[in-house]
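We use all heavy atoms of the structure for the numbers below, so side chains are in, but hydrogens, waters and symmetry mates are not.
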Amino acid sequence: MKKYFLNLILLLSLVHCTDKPQQNKAPYNLVEQGDNTPFNYDNLSPDIIEYGAGTLAGFKYKFPDYTLFSKRISEVYQVNIDEYINSIIALRMSDFPEIAIKKKSYVLIQDSDTEAKYAISPDILYHYNQYIFYKDHTALKILKMRDPYLVKDLVLYYGYNEDKDLVDFALKGFDFSNATSFHELIFGRRNKDQQFILRKGIINDIEQIIYKGKTKELLSEVKEGNGYDSLGEILNMMYKNPLDYAECEKNIAFLLEKSLNVGDIGDVQSFINKNKSFINKLEHNNFYDNERLKAFCENLEIFNGPSEDKTINDPDGYTNLRKDKNTSSEVLQKVKSGESVKVLDQNGDWWLVETKDGQQGYIHKSRIQ
């Protein structure tokens, strides 16, 4: 009987444990410092934490209750701190990351450029927390002047776009032609399945802020703006690596629609002409309710116009038909000088062509006569 009760107690304890939400270790707490020595933010000095809290108290800062603290961390940084057992959580991989201090309900930020104690600038720390947890726009104005990159990262790195004034500030001067930076802006970090999730809100902001909204008609004049300068590279990257992206085909369709919204059909035309089989997938899914993309694909021959035959002219006697628009891309075929090719798209320095064998690829325009 005694053994029976012991087993029953053990069983009940196991059931109780499985009822608790599973908690993990914070993913960015363990880092390598400049001298390659490991550092764990779980071991952050209590003196630093107390100094930061004391600094805020000196400004008569009202520390949020835990519910508000957790809610705003999730909204701003896209991190659910309740998933982690750690009481100190580095919010990204960085030399000086933003750090959520659970027990004190504030975000610690340090600055390597300041000579202040513990690398903490008291007024920056105060205004930062005042903005994060209470959306204080006076605090934001001060931060824009004092440490613009700190607040821009809320948009550019974390994808926070609730405050359109901040989004407008962050996007001004952004290098949209840099595909790496643009990719980080619209996708950010990978999820638990190691897939990139498209930040559709940021894309919508680019349309509204950079392009001042979409065009009225599909064939309207291209709107002024540079927000999609590297979109073609991103589309090709997604199409080649579909498993790296959540809802890859649906999001490609969404991005194609956005390009059409601002009247820039070049990247759409190039992508569709190169991957015509993709149209079948779009048709099967009713173009994911993207009306302009549907109209474009259904009238592709009209947009392409009559195909034009050109002749290859290369002093080497042949030129390379490449998979992508660069000299390091895979060579699909060697095309002899004097042979005719059908030009499908003349967008940029690399033209999309089709050889007499039906092979599609890119040839530099200098080799086409």
Side-chain angles (χ1 to χ4, degrees), residues 20-33 37-144 146-155 157-160 162-163 166 189:
K20 291 182 178 180
Q22 185 178 1
Q23 288 187 309
N24 305 305
K25 292 183 178 179
Y28 306 115
N29 275 25
L30 188 61
V31 297
E32 283 191 0
Q33 300 182 110
T37 58
F39 177 77
N40 193 330
Y41 278 99
D42 291 329
N43 303 322
L44 186 67
S45 169
D47 292 341
I48 296 177
I49 295 173
E50 290 297 332
Y51 179 78
T55 296
L56 289 171
F59 282 94
K60 297 183 178 180
Y61 175 71
K62 179 183 177 182
F63 290 86
D65 61 35
Y66 187 79
T67 301
L68 176 59
F69 178 72
S70 175
K71 177 175 179 287
R72 288 298 291 163
I73 294 292
S74 177
E75 290 173 346
V76 176
Y77 303 100
Q78 317 305 314
V79 174
N80 180 2
I81 60 175
D82 296 319
E83 289 183 358
Y84 307 116
I85 60 175
N86 315 67
S87 61
I88 301 169
I89 300 175
L91 298 173
R92 64 166 156 173
M93 188 71 72
S94 172
D95 290 337
F96 287 88
E98 295 80 2
I99 306 168
I101 311 295
K102 279 186 178 180
K103 291 181 179 179
K104 298 292 183 178
S105 292
Y106 79 95
V107 173
L108 174 65
I109 51 172
Q110 296 171 283
D111 183 1
S112 61
D113 293 330
T114 182
E115 296 180 1
K117 187 175 182 180
Y118 298 128
I120 296 174
S121 299
D123 59 330
I124 296 294
L125 180 66
Y126 166 70
H127 288 114
Y128 188 80
N129 279 271
Q130 190 69 14
Y131 175 68
I132 295 298
F133 297 105
Y134 300 110
K135 307 179 185 180
D136 185 333
H137 273 260
T138 299
L140 178 60
K141 287 180 181 179
I142 294 170
L143 290 168
K144 284 179 180 179
R146 292 289 309 280
D147 200 338
Y149 294 105
L150 180 67
V151 288
K152 281 186 176 185
D153 270 0
L154 294 174
V155 177
Y157 182 81
Y158 292 107
Y160 176 63
E162 178 185 331
D163 185 340
L166 176 58
R189 298 179 286 199

For a quick test of reading the model, state the closest non-hydrogen atom pair linking [X] to [Y] and the distance between them.
X: Ser94; Y: Pro97; result: O-CD, 3.4 Å
X: Phe63; Y: Ser105; result: CD2-O, 3.9 Å
X: Ile120; Y: Ile109; result: CG1-O, 4.2 Å
X: Ile73; Y: Val79; result: CG2-O, 3.5 Å
X: Phe96; Y: Ser112; result: CE1-CB, 3.3 Å
X: Tyr28; Y: Val31; result: O-CG1, 3.6 Å

How about Tyr41 and Asn86: does a side-chain donor come under 3.5 Å of a side-chain acceptor?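 On atom types as modelled, these side chains do not qualify, holding no pair under 3.5 Å.
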Can you see whether Asp163 engages His137 through a side-chain donor-acceptor pair at a distance of less than 3.5 angstrom?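 Present: a donor and an acceptor within the cut-off.
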Could you measure the distance from the [atom1] atom of [X] to the [atom2] atom of [Y]? Nearest 0.5 Å is fine.
X: Met93; Y: Asn29; atom1: CE; atom2: CG; value: 9.0 Å
X: Leu56; Y: Gln130; atom1: CG; atom2: CD; value: 9.5 Å
X: Ser87; Y: Ile101; atom1: OG; atom2: CD1; value: 7.5 Å
X: Asp136; Y: Lys141; atom1: CG; atom2: NZ; value: 10.0 Å
X: Leu68; Y: Arg72; atom1: CG; atom2: CZ; value: 7.5 Å
X: Thr55; Y: Lys117; atom1: OG1; atom2: NZ; value: 8.5 Å

Relative to the ring of Phe59, is the ring of His127 parallel (under 30°), tilted (30 to 60°) or perpendicular (over 60°)?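 Tilted.
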Report the C-alpha distance between Tyr77 and Tyr160 in whole Å, list the side-chain angles of each, state the deciding distance to 0.1 Å, and finish with yes or no for ring-ring contact (aromatic ring centres under 6.0 Å, His included). CA-CA 7 Å; Tyr77 303 100; Tyr160 176 63; 8.3 Å; no
Going by the rule salt bridge (charged side-chain N to carboxylate O under 4.0 Å, His left out), which residues pair with Lys62 if we only count those two or more places apart in sequence or in a different chain?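 Salt bridge (charged side-chain N to carboxylate O under 4.0 Å, His left out) check on Lys62 returns nothing, list empty.
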Using modelled atom types only, decide if a donor and an acceptor are shared between the side chain of [X] and the backbone of [Y] within a distance under 3.5 Å.
X: Ser70; Y: Tyr66; answer: no
X: Asn129; Y: Val107; answer: yes
X: Ser121; Y: Asp123; answer: no
X: Gln110; Y: Tyr118; answer: yes
X: Tyr126; Y: Ala139; answer: no
X: Asp111; Y: Ala119; answer: no

Kindly determine whether Arg92 and Asp153 satisfy salt bridge (charged side-chain N to carboxylate O under 4.0 Å, His left out), including the steps that lead there. CA-CA 11 Å; Arg92 64 166 156 173; Asp153 270 0; 2.8 Å; yes
Would you say [X] and [Y] make side-chain contact, with heavy atoms under 4.5 Å?
X: Tyr134; Y: Pro64; answer: yes
X: Val151; Y: Leu140; answer: yes
X: Lys102; Y: Ile88; answer: no
X: Leu91; Y: Ile99; answer: no

Start with the C-alpha distance between Arg189 and Tyr157, add both sets of side-chain angles, then the distance that settles side-chain contact (heavy atoms from CB on, under 4.5 Å), and finish with yes or no. CA-CA 8 Å; Arg189 298 179 286 199; Tyr157 182 81; 3.4 Å; yes
Tell me, with the steps shown, if Phe133 and Tyr128 meet side-chain contact (heavy atoms from CB on, under 4.5 Å). CA-CA 9 Å; Phe133 297 105; Tyr128 188 80; over 6 Å; no
side-chain contact (heavy atoms from CB on, under 4.5 Å) between Tyr106 and Leu108: does it pass, once the steps are laid out? CA-CA 6 Å; Tyr106 79 95; Leu108 174 65; 3.9 Å; yes
Sequence neighbours left out, what passes side chain to side chain donor-acceptor pair (under 3.5 Å) with Lys104? Give chain and number order.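 Partners of Lys104 by the side chain to side chain donor-acceptor pair (under 3.5 Å) criterion, ordered by chain and then number, come out as Glu50.
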Working note: Glu162 + Leu154, criterion side-chain contact (heavy atoms from CB on, under 4.5 Å); need CA distance, chi angles, decisive distance, verdict. CA-CA 10 Å; Glu162 178 185 331; Leu154 294 174; over 6 Å; no
